[in-house]
Amino acid sequence: MSKDENTAEDIKPTNFIRNIINKDLESGKHQSVQTRFPPEPNGFLHIGHAKSICINFGIAEDYNGLCNLRFDDTNPAKEESAYAEAIAKDIEWLGFKWNGDIRHSADYFDKLFAFAEELINKDLAYVCELSMEEMRSYRGTLTEVGKNSPHRERSVEENLAMFQAMKAGEHKDGSMALRVKIDMGSPNINMRDPVIYRIKTAHHIRTGNDWCIYPTYDFTHGISDAIEGITHSLCTLEFEDHRPLYDWFLDNISIDCHPQQIEFSRLNLEHTITSKRKLNQLVVDGIVDGWDDPRMPTISGMRRRGYSASAIKDFIGRTGVTKKVHTVEMSLLENSVREDLGENAPRAMAVLNPLKITLTNYPDDKVESIQAPKHPQKEEMGKREIFFSKEIFIDQDDFRESANKKYKRLVLGKAVRLRNAYVITCDEIIRDSEDNIIELKCSYDENTLGKNPEGYKPKGVIHWVSASHSKVATIRLYDRLFNVANPALEDDFMTTVNPNCLQTIDNARVEMSLTTALPEAVYQFEREGYFCADRYQHSTDNLVFNRTVTLRDSWAKIEAKN
RNA sequence: UGGGAUGUCGCCAAGCGGUUAAGGCAACAGGUUUUGAUCCUGUCAUUCGUAGGUUCGAUCCCUACCAUCCCAGCCA
C-alpha cells in the first residue's frame, strides 16, 4: 500500500524503538513485548512523563503486550504516598491500564539484598568506608582516572559480615556503603565502582522501618526490570551512560532475563518547565495554586485546564520519538487541543466584558426562546435553549463608534448579526459623566431570525447574552506561564514568569444552558475559545470557567499588523 | 582536554545506496461560512552540520572537522 492510500487511521507510528522491537519479534528474540513505566513518587507527573507513558503503554497496547506500573521507590527521603496515589490517578485518567497490580521496587528489596550478597561472594562488591568527600576525590574527574579505594581488597567474609552489620543498623548514615568492583580507570564514570547500597535511616512509604539500607537506582532498576520479565526498558537519554552498568549487573548476578535498555530524548515544550524541583518551587513560592493549577504542565494541571486525555496523547504522538534533543512549540499542543475540542465541545455563548444594549423596538416584557445547535457541524449533538429579550449584553470589543470596512462587528449606524438570533442596528451611544460608553440603543429587524435581511447586509456576526436570562460567572483567562521560550536556560527562571499568566473576570455573563454545566465539562464559548468548568470550584451556584485555549484568531493578526 | 550521544524547512519528523527529499505544526495567499472558528484550495528544502573520499549514482557508506546535549549524588 502506498502512502497516499493510507487513511489517517491506518498510519501506525513508526520510530526507532518500534523498529528495534519489530526486529526482535521477527528474529524470535522475543515472542511478546513487556514494558514498564517507572516513576519515582516524589512529585506530580508532567507533560514529559506523558511522553514516557504514551511510549511505554502505547507500545504495549499496539503489540498486544503488557506494561507494568512500577514505583521506583529506592530513596525514602524524597518519596511520599500522596505522590504515588496522584501518579496512579493521572495514568488512569490518560486512559492507560497497567498489567496486574502496581509494582514497587521495594517489593524486591529482599531479592536485591541477596543479589548484593551474591556479588560480594563473587568478590565483585565490597563495603567501603570512604566518606562522600573522599569517595569523590578517589573517583577522579572526567579526564583523570580514579584510584582504588583502600577498602577494595577486603575479604569476602569481612564484606559479608560488614554488609550484614549495615543492614542490622549498626552503623551511622553515610559511614559506609556497598560498592561494586568494576574499574576505577573506566572512562565512563558510572563504572568506577559505583555505590549500590547506602545506609539511610528513613521511613519508607512501603516498607516502613524494615530497612535502614537502600539500594541505589542503578542496582535496582535493571534487576527489577529483569525480575518482571521486561523485554524493552525504555528510558530517557541521560541514562545512556548507565547502560553499561545496567548490563553489568545483569551479567554478573544469577538471573535469566536481560532486558534491553533503549534511550529516547525527553520532551521539552516551549514556555514551560519540566523539572520537578522547579515546578515545586512555583508551588512553594505561591506563583501557582498547586501542582494541579491550570497553568502547570502537570497532567493534573492540564486536566484542570480542560485539555483532554486524547488531545494530550495526540500531541505526544505528533512529537515523535527520537534521540535528538528537541523543544516543541506550544502551537503543536494547542493544535491538538483545538482539534479535539472543536470536534467535541458543545457551543455556548458567554460575554466576557459585558456592554449593555437596549433594543428600543423590542416589546418590553417579551422573552423569546430559541433553539440553538450545540454544534454547527454536528446536528446529532442536539440543541440548547437560549433566550432573547429587550436588554442584552455584547462584548465591549465587539463595538466601535467608527471603524473601517475591515471591522466586521457592531458600529454606530451599522448592522450586525447576533449569533443564533436577529440582525440589529446601532442607533445611539449612551455615555456616563466621564464619557465612557455604558450602553447602546439599537433596533432589531424582526424578519431576520433564521433568514437574511432584505435590502442590506450585516457586517458580521457577534455573540451576545440576554440580560435577564443569563448568569454571572467567574472566568479565568490563562496565558503562558513563562515569557521566554526556554525558561530553563535562564540564570533564574523565576524572573521569566509571565505576570499576566492569569486574568480573572468575575462579572462575565453566560447563557442559561451553562448553569447545568458539570465540573470538568468543556464548552466552546463561541468566538472566544474553549472553557472548562473548574474541577473543584465550579458549581451551579458559583459558575467558574477556566479558559483552556483561545480560538485561532486571524483578526488579531490583522489588527497587529496595523 | 576523557567517555557517551545527536545534527534533514521557523518547530517537530519520515527517509536505511537510485524518491519529484513524506507528513504534521507554524507561516503566507485565496475560497466557503449566522463563530474573523471550522472546512477547502494553493505556496512553503535543487537540498539533508561542513569539507573531502568511495560509487555509474550518497541525506543514506568512509574519513576529518564543526556545533549542540549528557556524565564527576551514598538522586532518579
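What you are looking at is a predicted structure, and each value in this text was computed from that prediction instead of being measured. To find a chain, count down the sequence lines: A is the first, B the second, and so on, and within it residues start at 1.
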Under 4.0 Å between a side-chain N or O of A/Lys200 and OP1 or OP2 of B/C75? yes
Using whole Å, report how far CZ of A/Arg277 lies from P of B/G73. 17 Å
Checking contacts here: which listed nucleotide (B/C71, B/U34, B/G36) is nearest the side-chain heavy atoms of A/Arg417? B/U34
Between the protein and nucleotides 24-29 of chain B, list the N/O to N/O atom pairs that are separated by less than 3.5 angstrom.
| unit_1 | atom_1 | unit_2 | atom_2 | d |
| --- | --- | --- | --- | --- |
| B/G24 | O2' | A/Arg318 | NH1 | 2.8 |
| B/C25 | O2' | A/Ser331 | OG | 3.1 |
| B/A26 | OP1 | A/Arg552 | NE | 3.2 |
| B/A26 | OP1 | A/Arg552 | NH2 | 2.8 |
| B/A27 | OP1 | A/Lys557 | NZ | 2.9 |

Hey, can you tell me if A/His242 and A/Tyr217 have their rings parallel, tilted or perpendicular (30° and 60° cut-offs)? perpendicular
Quickly work out the A/Arg18 CZ to B/A13 C1' distance and round it to whole Å. 15 Å
Report which part of the nucleic acid A/Ser137 touches: base, sugar-phosphate, or nothing (heavy-atom distance under 4.0 Å, all strands). nothing
Using the C1' atom as the reference point in each nucleotide, state the distance between B/U8 and B/G49 in Å, no decimals. 10 Å
Under 4.0 Å, heavy atoms only, any strand: does A/Asn420 hit a base, just the sugar-phosphate, or nothing? base
Sequence neighbours left out, what passes salt bridge (Lys or Arg N to Asp or Glu O under 4.0 Å) with A/Arg206? Give chain and number order. A/Asp107
So what does A/Arg139 touch, heavy atoms closer than 4.0 Å: a base, only the sugar-phosphate, or nothing? sugar-phosphate
Report the residue from A/Arg347, A/His463, A/Arg419 that forms a side chain to side chain donor-acceptor pair (under 3.5 Å) with A/Glu526. A/Arg419
Rounded distance in Å - CD1 (A/Ile223) to P (B/A76): 14 Å
Per atom distances to the A/Gln524 side chain, the nearest of B/C75, B/A5, B/U35 is B/U35
Under-4.0 Å salt bridge between A/Glu528 and A/Arg547: no
Among A/Phe113, A/Tyr246, A/Phe249, A/Tyr214, ring-ring contact (aromatic ring centres under 6.0 Å, His included) partner for A/Phe219: A/Phe249
Please work out if A/Gly450 contacts a base, only the sugar-phosphate, or nothing of the nucleic acid, heavy-atom cut-off 4.0 Å. base
May I ask you to say what A/Met349 touches in the nucleic acid, namely base, sugar-phosphate or nothing, with a heavy-atom cut-off under 4.0 Å? nothing
If I pick the C1' atom on B/A22 and the same atom on B/C9, what distance separates them, to the nearest angstrom? 13 Å
A/Leu130 or A/Glu238, whichever maps to the more 5' nucleotide of RNA chain B: A/Glu238
Report which part of the nucleic acid A/Tyr214 touches: base, sugar-phosphate, or nothing (heavy-atom distance under 4.0 Å, all strands). nothing
Select base, sugar-phosphate, or nothing to describe what A/Asp72 touches, counting heavy atoms under 4.0 Å on all strands. sugar-phosphate
Once you round it to whole Å, what is the distance between C1' of B/U38 and CD of A/Glu528? 17 Å
Hey, is the side chain of A/Ser554 poking within less than 4.0 Å of OP1 or OP2 on B/A37, counting only N and O atoms? yes
Pick base, sugar-phosphate or nothing for A/Glu40, based on heavy-atom distances below 4.0 Å to the nucleic acid. sugar-phosphate
Nearest-nucleotide wise, let me know which of A/Asn75 and A/Ile462 is further upstream toward the 5' end of RNA chain B. A/Ile462
Applying a 4.0 Å non-hydrogen cut-off, can you work out what A/Leu237 is touching in the nucleic acid: base, sugar-phosphate, or nothing? nothing
Which part of the nucleic acid does A/Thr141 contact within heavy-atom distance under 4.0 Å: base, sugar-phosphate only, or nothing? base
Check every atom of B/C74, B/A5, B/G36 against the side chain of A/Met132 and return the nucleotide holding the closest atom. B/C74
I'd like the P distance from B/C62 over to B/G10, given in whole Å. 28 Å
Side-chain N,O (A/Arg243) to OP1/OP2 (B/G4) below 4.0 Å: no
All ring-ring contact (aromatic ring centres under 6.0 Å, His included) counterparts of A/Tyr138, not counting sequence neighbours: none
Please list, one pair per line, the donor and acceptor atoms closer than 3.5 Å that link side chains of residues 180-187 of chain A to other protein atoms, with sequence neighbours excluded.
| unit_1 | atom_1 | unit_2 | atom_2 | d |
| --- | --- | --- | --- | --- |
| A/Lys181 | NZ | A/Asp123 | OD1 | 3.0 |
| A/Lys181 | NZ | A/Arg152 | O | 3.1 |
| A/Asp183 | OD1 | A/Gly185 | N | 2.7 |
| A/Ser186 | OG | A/Asn188 | N | 3.0 |
| A/Ser186 | OG | A/Asn188 | O | 3.2 |

Would you please confirm or rule out a distance under 4.0 Å between OP1 or OP2 of B/A5 and any side-chain N or O of A/Lys324? no
Is there a side-chain contact between A/Leu178 and A/Tyr126 in this structure, where contact means two heavy atoms from C-beta onward sitting under 4.5 Å apart? no
Enumerate the residue pairs fulfilling side-chain hydrogen bond (donor to acceptor under 3.5 Å, both in side chains) with a member in residues 453-462 of chain A, sequence neighbours excluded, ordered by first and then second residue. A/Asp445-A/Tyr456
Rounded off to whole Å, could you give me the CG-to-C1' distance for the A/Asn15 and B/A14 pair? 11 Å
On the 0 to 90° scale, with breaks at 30° and 60°, tag the A/Phe388-A/Tyr444 ring pair as parallel, tilted or perpendicular. tilted
In whole Å, I'd like the distance from the NZ atom of A/Lys147 to the C1' atom of B/A72. 15 Å
With a 4.0 Å cutoff (strictly under), does any side-chain N or O of A/Thr322 reach OP1 or OP2 of B/A13? yes
Kindly indicate whether the side chain of A/Arg409 and the base of B/G36 share any N or O donor-acceptor pair separated by less than 3.5 Å? yes
Over how many whole Å does the gap from A/Glu144 atom CD to B/C71 atom C1' extend? 16 Å
Rounding to the closest angstrom, what is the interatomic distance between B/G30 and B/A45 at atom C1'? 24 Å
Regarding A/His221, tell me which of base, sugar-phosphate or nothing describes its non-hydrogen contacts under 4.0 Å with the strands shown. nothing
Does the side-chain ring of A/Trp555 lie flat on the base of B/G36, meaning centres under 5.5 Å and planes less than 30 degrees apart? yes
Regarding the side chain of A/Asn190, the nearest nucleotide among B/G36, B/C71, B/A37 is B/C71
Quick one: label A/Tyr422 by what it contacts on the DNA or RNA (base, sugar-phosphate, nothing), any heavy atom closer than 4.0 Å. nothing
Would you indicate what A/Gly174 reaches in the nucleic acid, counting non-hydrogen atoms under 4.0 angstrom: base, sugar-phosphate, or nothing? base
Under-4.0 Å side-chain N/O to phosphate OP1/OP2 contact, A/Thr74 with B/A76: yes
Tell which nucleotide pairs with B/A67, taking only Watson-Crick or G-U wobble pairs whose two distances are both under 3.5 angstrom. B/U6
Under 4.0 angstrom, heavy atoms only, what part of the nucleic acid is A/Asn19 near: base, sugar-phosphate, or nothing? base
Taking only the side-chain heavy atoms of A/Asp241 (C-beta and beyond), determine which of B/G4, B/A76, B/U34 contains the nearest atom. B/G4
Of all residues at least two apart in sequence or in a different chain, which pass the salt bridge (Lys or Arg N to Asp or Glu O under 4.0 Å) check with A/Glu263? A/Arg243, A/Lys323
Interatomic distance where CG belongs to A/Asp173 and P belongs to B/C75 [whole Å]: 11 Å
A/His463 (side chain) and B/A37 (base): donor-acceptor pair under 3.5 Å: no
